[in-house]
Amino acid sequence: MLQLREINQAYDNHHTLWDINLEVAQNSCSAIVGQHGTGKTTLFHCILGFLPIMSGEMTWQPKNTLPCSLISLPSQQRTQLGINYVAQGSPIFSQLSVEDNLLVALKAGQPSDRPAALPTIIRELFPALLVQRHQRSGALTKGLQGQLALARAVITHPKLVLLDEPSEGLSACEEDQLVSIIATLTQRHNISVLLMDNNLAFVRRVADTFTLLHHGRSVLTGTAADLLRFGGIETLVAGTSTPRVM
């Protein structure tokens with residue numbers, strides 16, 4: 001679905017990403033892990049079109065479509081192709097109700113004069129939000145605010161959603177709910193997920209594949225099972241050791 005090949009990026013004369021290769025398959029969840037400041041957010045911003053790249057290829061090809069290069073497309077066109085983003089911190093309209101937050105996102109993604117109704121995907125995946133649909137969003141728990149931010153991103157049924165640190169600050173129960181939601185998105189609704197998160201226990205549960213970034217380079221890739229086999233990855237993510245480039 002999304003394929004990055006030899007991506008390089010720099011701020012002025014500071015090289016931030018070096019020859020990054022990454023692939024997100026259809027109906028899958030891929031994770032990017034790595035210590036803070038190693039280029040994860042920069043890579044996200046390149047994919048979203050917020051930052052230009054120096055060199056490399058970025059190809060977008062959902063199932064049954066022709067390949068499309070994202071390099072020259074502005075961020076708005078990438079959104080129109082079906083790439084959505086949930087930034088860190090669960091961005092929502094805190095003064096609006098849960099339902100109004102969802103309807104604003106729905107109308108923005110699907111302009112229409114017809115009265116908007118919450119689609120099936122919201123009713124199926126986010127029952128807790130429906131219970132509190134008239135509640136002011138700022139009064140929700142952190143976990144429900146995160147669910148609301150994700151619901152806003154998937155309400156128009158995009159093809160790929162990028163999630164920035166989605167498990168941060170969640171209780172064990174809230175994390176379980178998020179794992180279930182992501183699994184249902186990828187397996188039943190054909191929405192792929194690319195997330196960055198350093199909660200390795202969460203990544204092992206939710207991701208099909210992972211990429212480890214270190215100082216702007218992709219130094220390790222594999223499956224969730226590989227995370228268990230590679231014993232030193234916790235220290236690599238914490239930044240207390242230096243990996244061999246593979």
Side-chain angles (χ1 to χ4, degrees), residues 29-33 36 40-41 44-45 47-48 50 75 79 82-112 114-207:
C29 177
S30 298
I32 302 172
V33 300
H36 295 297
K40 301 190 301 296
T41 299
F44 261 34
H45 286 181
I47 294 170
L48 293 161
F50 299 164
S75 59
T79 300
I83 303 174
N84 276 0
Y85 175 47
V86 180
Q88 187 176 12
S90 305
I92 57 174
F93 297 110
S94 60
Q95 297 303 314
L96 296 182
S97 70
V98 170
E99 184 171 41
D100 285 345
N101 263 273
L102 295 170
L103 292 178
V104 166
L106 180 62
K107 291 177 180 177
Q110 298 179 344
S112 172
R114 294 178 301 174
L118 296 180
T120 301
I121 190 172
I122 301 301
R123 298 178 183 278
E124 177 185 348
L125 291 180
F126 304 98
L129 294 180
L130 294 182
V131 171
Q132 302 197 55
R133 62 193 302 167
H134 301 302
Q135 173 72 269
R136 185 176 64 84
S137 298
L140 297 176
T141 65
K142 181 175 179 61
L144 284 180
Q145 287 185 13
Q147 286 193 28
L148 178 57
L150 179 54
R152 284 170 45 83
V154 304
I155 196 168
T156 54
H157 210 94
K159 296 178 174 65
L160 174 66
V161 177
L162 278 63
L163 306 180
D164 188 345
E165 303 285 353
S167 77
E168 184 181 37
L170 298 185
S171 68
C173 179
E174 291 168 340
E175 186 176 305
D176 288 344
Q177 292 172 353
L178 181 58
V179 169
S180 177
I181 290 169
I182 292 175
T184 305
L185 285 174
T186 59
Q187 295 168 18
R188 295 181 55 182
H189 291 280
N190 299 319
I191 299 176
S192 298
V193 174
L194 175 62
L195 61 87
M196 68 167 96
D197 206 303
N198 283 347
N199 178 348
L200 295 185
F202 169 73
V203 170
R204 290 183 184 116
R205 297 176 64 196
V206 76

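In what follows, residues are counted from 1 in the order of the sequence shown. Every heavy atom of this structure was used, including side-chain atoms; hydrogens, water molecules and symmetry mates were not. Treat the numbers as computed from the prediction; the structure is a model and nothing was measured.
Proximity of Tyr85 to Ile47: side-chain heavy atoms (C-beta onward) are nowhere separated by under 4.5 Å. Proximity of Asn198 to His36: side-chain heavy atoms (C-beta onward) are separated by under 4.5 Å at one or more points. Counting heavy atoms from C-beta outward, Ile182 and Leu163 have side chains that approach closer than 4.5 Å. Contact of the Leu125 side chain with the Leu185 side chain is registered, since non-hydrogen atoms from C-beta on lie closer than 4.5 Å. Side-chain contact check for Thr141 versus Gln145: every heavy-atom pair is 4.5 Å or farther apart. Leu130 has its side chain within reach of Leu118: a pair of non-hydrogen atoms, C-beta onward, lies under 4.5 Å apart. Within the 4.5 Å cutoff, side-chain heavy atoms of Leu148 are placed close to those of Leu102. No side-chain heavy atom of Lys159 sits less than 4.5 Å from a side-chain heavy atom of Asn190.
Once rounded to the nearest 0.5 Å, the distance linking OG of Ser171 with NZ of Lys142 reads 11.5 Å. Of the inter-residue distances, the one linking Ile181 atom CD1 with Gln177 atom CD reads 6.5 Å to the nearest 0.5 angstrom. Note that CD1 of Ile155 is 6.5 Å distant from CG of Leu103, once rounded to the nearest 0.5 Å. Atom NE2 of His189 is separated from atom OG1 of Thr120 by 8.5 Å, given to the nearest 0.5 angstrom. In this structure, OG in Ser94 is found 10.5 Å from CG in Leu140, a value given to the nearest 0.5 Å. Here the straight-line distance linking atom CG of Leu162 with atom CZ of Phe44 works out to 4.0 Å at 0.5 Å rounding.
Listed by chain and residue number, nothing satisfies the side chain to side chain donor-acceptor pair (under 3.5 Å) test with Thr79 (two or more places apart in sequence, or in another chain). The side-chain contact (heavy atoms from CB on, under 4.5 Å) test applied to Ser180 returns Thr184, not counting sequence neighbours. With sequence neighbours left out, Ala183 forms a side-chain contact (heavy atoms from CB on, under 4.5 Å) with Gln187. The side-chain contact (heavy atoms from CB on, under 4.5 Å) search around Ala153 returns Asn84, Val86, Val161, not counting sequence neighbours. Residues meeting the side chain to side chain donor-acceptor pair (under 3.5 Å) test with Arg188, sequence neighbours left out: Glu124. Checked against side-chain contact (heavy atoms from CB on, under 4.5 Å), Ser192 has the following partners two or more places apart in sequence or in another chain: Met1, Val24, Leu160.
The two residues Ala31 and Ala207 come nearest to each other via the heavy atoms CB-CB, 3.9 Å. Considering every non-hydrogen atom in both Pro166 and Met196, the closest pair reads CD-O, 3.5 Å. Between Phe126 and Gln147, the closest heavy-atom pair is CE2-O, 3.5 Å. The two residues Val206 and Leu195 have their closest heavy-atom pair at CG1-CD2, 4.0 Å. Looking at every heavy atom in both residues, Thr156 comes nearest to Ala105 through CG2-O, 4.0 Å. Contact record, Ala151 with Leu129: CB-CD1, 3.9 Å, taken as the closest heavy-atom pair.
Using modelled atom types, no side-chain atom of Asp100 and backbone atom of Leu96 make a donor-acceptor pair closer than 3.5 Å. In this structure, the side chain of Arg152 does not engage the main chain of Ile92 through any donor-acceptor pair within 3.5 Å. The closest donor-acceptor contact from the side chain of His157 to the backbone of Gly82 lies at 3.5 Å or more, if one exists at all. Put simply, the side chain of Arg205 never gets that close to the backbone of Val179: no donor and acceptor are under 3.5 Å apart.
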| Yes or no on side chain to side chain contact (heavy atoms under 4.5 Å, CB included) for Thr41 and His45, after CA distance, side-chain angles and deciding distance? | CA-CA 6 Å; Thr41 299; His45 286 181; 3.6 Å; yes
| request: Verify side chain to side chain contact (heavy atoms under 4.5 Å, CB included) between Phe202 and Leu170, making sure each step is shown before the conclusion. | output: CA-CA 11 Å; Phe202 169 73; Leu170 298 185; over 6 Å; no
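Taking 4.0 Å as the cut-off between side-chain N and carboxylate O, Lys40 and Asp164 do not count as a salt-bridged pair.
Paired with Asn199 under the rule side chain to side chain donor-acceptor pair (under 3.5 Å), one option of Arg204, Glu175, Glu165 passes, and it is Glu175.
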